[in-house]
Amino acid sequence: MLNLFNTLTRRTEPFVPIEPGRVRLYVCGMTVYDRCHLGHGRMLVNFDVLYRWLRASGYAVTYVRNITDIDDKIIERAAQNGEPIEALTERMIVAMQEDLARLWVLPPTHEPRATEHVPGMIRLIEMLIRKGLAYPGRNGDVYYSVRDFPDYGKLSGKSLDDLRAGERVARDEFKRDPLDFVLWKSAKPGEPRWPSPWGEGRPGWHIECSVMSECFLGTHFDIHGGGHDLQFPHHENEIAQSEGAHGHAFVNVWMHNGFLRVNDEKMSKSLGNFFTLADIFEKFHPEVVRFFLLRGHYRSPLNYTDGHLEDARQGLNTLYTVLRDHPTVQGGVPDWAGVAERAFKHALDDDLNTPEAVAVLFGLAHDAHRGEVGAAQRLRTLAEVLGLLNSAPVEWFQKGAGLTVQAGDEDRERIERLVAQRQAARVQKDFATADQIRQALLAEGIVLEDKGGITQWRRS
RNA sequence: GGCGCGAUAGCAAAGCGGUUAUGCACUGGAUUGCAAAUCCAUGUAGGUCGGUUCGACUCCGGCUCGCGCCUCCA
């Protein structure tokens, strides 16, 4: 049975879907004003594993992951670039989808964009006003009145008075309470705008998720996820909006993934210490990145360094070696009665313990190397559940073994010619020449392995 | 200031109240013409001070250090 840590209760608890056999999942996706960085990648991979594991567990999953394509930063960035907003967001969405495909992140069932749901947002804001939970300010903005929602703070464990004590909220003369947040912003000159009962304007950030989740999943669904930083205020505000409007529970399980760090500091666009996925893919194969992310638990902080990625690369190569040595094995459906399979399932059922699941993979790799029949096939099958070992093994090793190398067919032909020359020398017992060729290739990172009369080459 | 999280062997990272996590790196051996891959062998780590217990890395408390949220942020 699957157990998940629920931010709302601060406990790991058994997962029981609202509707048997079916899971409705919503994850806060990207704001598309820039490329995805590794922290985004972590979030997206973590929830991809959840999605895959729910499906592997037999659930029919409806997975919604939104795209925020209208907000302050987008407007600002488009102006800086001197390009239309749609051009910027379209470019970033295409780039994101490329990055995610390379990480083997499966596409969600629905990937709605905020700008497609503005009418729904206006309807929800009207409902909140009717219920006395929201009010228009004199400036054309509409605010949510947090003091009128008794449960405000239940997700983040904050009380309004504690928040007030922090005094970090910007003063706004049009708000009744400094902690009230914006549902609708009146348009400033030159900004994108939609007509509304409060004049032309655009939606605040939080309202879109309440509306898009309702549109695809209804007003009460199973799991809502996102990065830890969204716990407050974004998810707290979503609860205020959705539960305030509909008068019943919004989400059963809230999941938040831990941060990716650089030099023990959160990786974020605000801090400017981020590496984009595209930057990292220049050095390391995307699957190394995925493997690196899965070696840590999703709720723990994970520190990024090239050295850690290099460790991950070596480990992944160990697994690929098994597949290379068992070229005929295919993936399939796991037999959950097996010892390794049970350990694997136990690990993932325990709040997605991917480090332990990965350890099971290494156990199977070891069994396979020792000649245990079927171990390689089981390794491949379980790896598939995690979205790993997707590449053809020989190519994996010859194209860089997890490093990004730029080598074309000519290079390949040259190497194979040298390998053939060396083989001829070996037949003549001319080991001096053979070793000279080995050394020359080794100097460019190519390792030759003589096995059973034939020589395989790979990059290291 | 308020709320919360963490501290595990050289590095990374899990489970578990008493039996090998796992990976990377390192060392010795086997294997190999030499290598590589692989196999075999080798690591008693658990911030610190107390408490509970027959027994604690694992539960409880203090302390120290690090981190996060409280403002846009995955």
Side-chain angles (χ1 to χ4, degrees), chain A residues 7 10 27-31 33 36-47 68 71-73 76 153 156-159 161-170 179 205 225-234 236 256-261 264-271 274 291-292 294-297 299-303 305 307-319 321-322 324-325 343 346-347 350 353-363 365-366 368-371 397 426 429-432 434-435 438-439 442 446-451 455-458 460:
Chain A
T7 308
R10 273 154 271 266
V27 171
C28 288
M30 291 287 301
T31 300
Y33 72 97
C36 296
H37 66 230
L38 186 54
H40 299 125
R42 181 181 196 196
M43 179 273 290
L44 293 157
V45 166
N46 286 153
F47 287 107
T68 300
D71 99 316
D72 290 352
K73 293 202 169 181
E76 193 182 316
S156 51
K158 298 178 191 305
S159 78
D161 295 326
D162 289 344
L163 288 165
R164 176 78 77 122
E167 286 293 0
R168 295 180 65 177
V169 179
L179 298 169
W205 174 35
H228 206 260
D229 45 357
L230 298 189
Q231 186 183 335
F232 189 92
H234 186 237
E236 194 70 62
H256 294 98
N257 69 278
F259 291 128
L260 199 101
R261 298 180 180 179
D264 289 321
E265 262 190 337
K266 171 183 173 180
M267 175 182 288
S268 81
K269 292 185 188 174
S270 323
L271 293 172
F274 63 91
F291 184 67
F292 163 71
L294 264 32
R295 293 206 314 165
H297 185 82
R299 284 193 288 119
S300 302
L302 182 61
N303 209 26
T305 67
H308 295 166
L309 243 7
E310 179 58 25
D311 284 357
R313 181 174 84 88
Q314 296 300 351
L316 190 56
N317 283 157
T318 299
L319 299 181
T321 301
V322 176
R324 192 195 56 175
D325 292 349
H346 180 265
D350 181 16
N353 191 334
T354 54
E356 206 178 320
V358 167
V360 172
L361 260 30
F362 279 100
H366 192 234
H369 278 134
R370 294 183 56 169
F397 284 111
R426 289 180 72 217
K429 305 266 186 220
D430 178 4
F431 293 122
D435 288 349
R438 176 194 288 292
Q439 286 307 318
L442 191 60
I446 291 156
V447 176
L448 304 186
E449 301 185 355
D450 302 323
K451 236 186 254 180
T455 299
Q456 276 190 307
W457 66 273
R458 64 178 171 88
S460 64

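Take the nearest nucleotide of RNA chain B for Val447(A) and for Glu310(A): the residue whose nucleotide is more 5' is Glu310(A).
Atom pair Phe232(A):CZ and G4(B):P shows a separation of 15 Å (rounding to whole Å applied). When the C1' atom of C11(B) is taken as reference, atom CG of Leu302(A) falls 14 Å away, rounded to whole Å.
Comparing the C1' positions of C59(B) and C65(B) gives a spacing of 23 Å, expressed to the nearest Å. As rounded to the nearest Å, C60(B) and G68(B) have P atoms that lie 25 Å from one another. For A21(B) and C16(B), the C1' atoms lie 10 Å apart once the distance is rounded to whole Å. The P atoms of G47(B) and U38(B) are separated by 33 Å, rounded to the nearest whole Å. Comparing C49(B) with U8(B), their P atoms are spaced 16 Å from each other, to the whole Å. Rounded to whole Å, the separation between the C1' atoms of U27(B) and G66(B) comes to 33 Å.
At a threshold of 4.0 angstrom between heavy atoms, the contacts of Phe362(A) are confined to the sugar-phosphate backbone, with no base atom among them.
The side chain of Arg324(A) lies closest to A37(B) when the candidates are A74(B), A14(B), A37(B). Candidate nucleotides C11(B), C39(B), A74(B) were compared by shortest atom distance to the side chain of His308(A), and C11(B) ranks first. Listed nucleotides: C70(B), A37(B), G33(B). Nearest to the side chain of Glu449(A): A37(B). Side-chain proximity of Ala359(A) to the nucleotides A36(B), A25(B), U22(B) is greatest for U22(B). The side chain of Asp325(A) lies closest to A37(B), out of A37(B), A25(B), C67(B). Side-chain proximity of Asp450(A) to the nucleotides C39(B), G33(B), A14(B) is greatest for G33(B). Taking only side-chain atoms of Glu265(A), from C-beta outward, the nucleotide of A36(B), G68(B), C34(B) with the closest atom is G68(B). Comparing atom distances between the Thr318(A) side chain and each of G15(B), U38(B), C40(B) picks out U38(B) as nearest.
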**Request:** Begin with the C-alpha distance, continue with both residues' side-chain angles, and end with the deciding distance and a verdict on salt bridge (Lys or Arg N to Asp or Glu O under 4.0 Å) for Arg426(A) and Asp435(A).
**Result:** CA-CA 9 Å; Arg426(A) 289 180 72 217; Asp435(A) 288 349; over 6 Å; no
**Asked** Taking it one step at a time, do Phe292(A) and Leu316(A) satisfy side chain to side chain contact (heavy atoms under 4.5 Å, CB included)?
**Response** CA-CA 9 Å; Phe292(A) 163 71; Leu316(A) 190 56; over 6 Å; no
**Message:** Determine whether Met43(A) and Leu230(A) satisfy the following criterion, side chain to side chain contact (heavy atoms under 4.5 Å, CB included), listing intermediate values before the conclusion.
**Reply:** CA-CA 12 Å; Met43(A) 179 273 290; Leu230(A) 298 189; over 6 Å; no
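Within the 4.5 Å cutoff, the side chain of Lys269(A) has heavy atoms near those of the His40(A) side chain.
By the salt bridge (Lys or Arg N to Asp or Glu O under 4.0 Å) test, Glu449(A) pairs with Arg324(A), Arg458(A), sequence neighbours left out.
Pairing partner, C26(B): none, since no Watson-Crick or wobble contact has both distances short of 3.5 Å. Base pairing of A37(B) is not made with any nucleotide, judged by Watson-Crick or G-U wobble geometry with both donor-acceptor distances under 3.5 Å. C69(B) and G2(B) make up a base pair, with Watson-Crick or G-U wobble contacts both under 3.5 Å. Across every strand in view, U20(B) sits unpaired, with no contact that passes the Watson-Crick or G-U test at under 3.5 angstrom. Under the Watson-Crick and G-U wobble criteria, each requiring two contacts below 3.5 Å, nucleotide G55(B) is left unpaired. For C63(B), the paired nucleotide is G47(B), the pair qualifying as Watson-Crick or G-U wobble because both relevant distances are below 3.5 Å.
Residue side chain Lys158(A) reaches the base of C69(B) through a donor-acceptor N/O pair under 3.5 Å, judged by distance alone.
For the OP1/OP2 pair of C40(B) and a distance below 4.0 Å, the side-chain nitrogens and oxygens of Arg370(A) include at least one atom meeting the criterion. Within the 4.0 Å cut-off from OP1 or OP2 of A36(B), not a single side-chain nitrogen or oxygen of Thr455(A) is found. The side chain of Lys451(A) places no N or O atom within less than 4.0 Å of a non-bridging phosphate oxygen (OP1 or OP2) of U38(B). Taking 4.0 angstrom as the limit, Ser156(A) places none of its side-chain polar atoms (N or O) nearer than this to OP1 or OP2 of C3(B). For the pair Ser300(A) and G6(B), the criterion of a side-chain N or O lying under 4.0 Å from OP1 or OP2 is not met.
Looking at Glu76(A) and Lys73(A), no side-chain N of the basic residue comes within less than 4.0 Å of a carboxylate O on the acidic one, giving no salt bridge.
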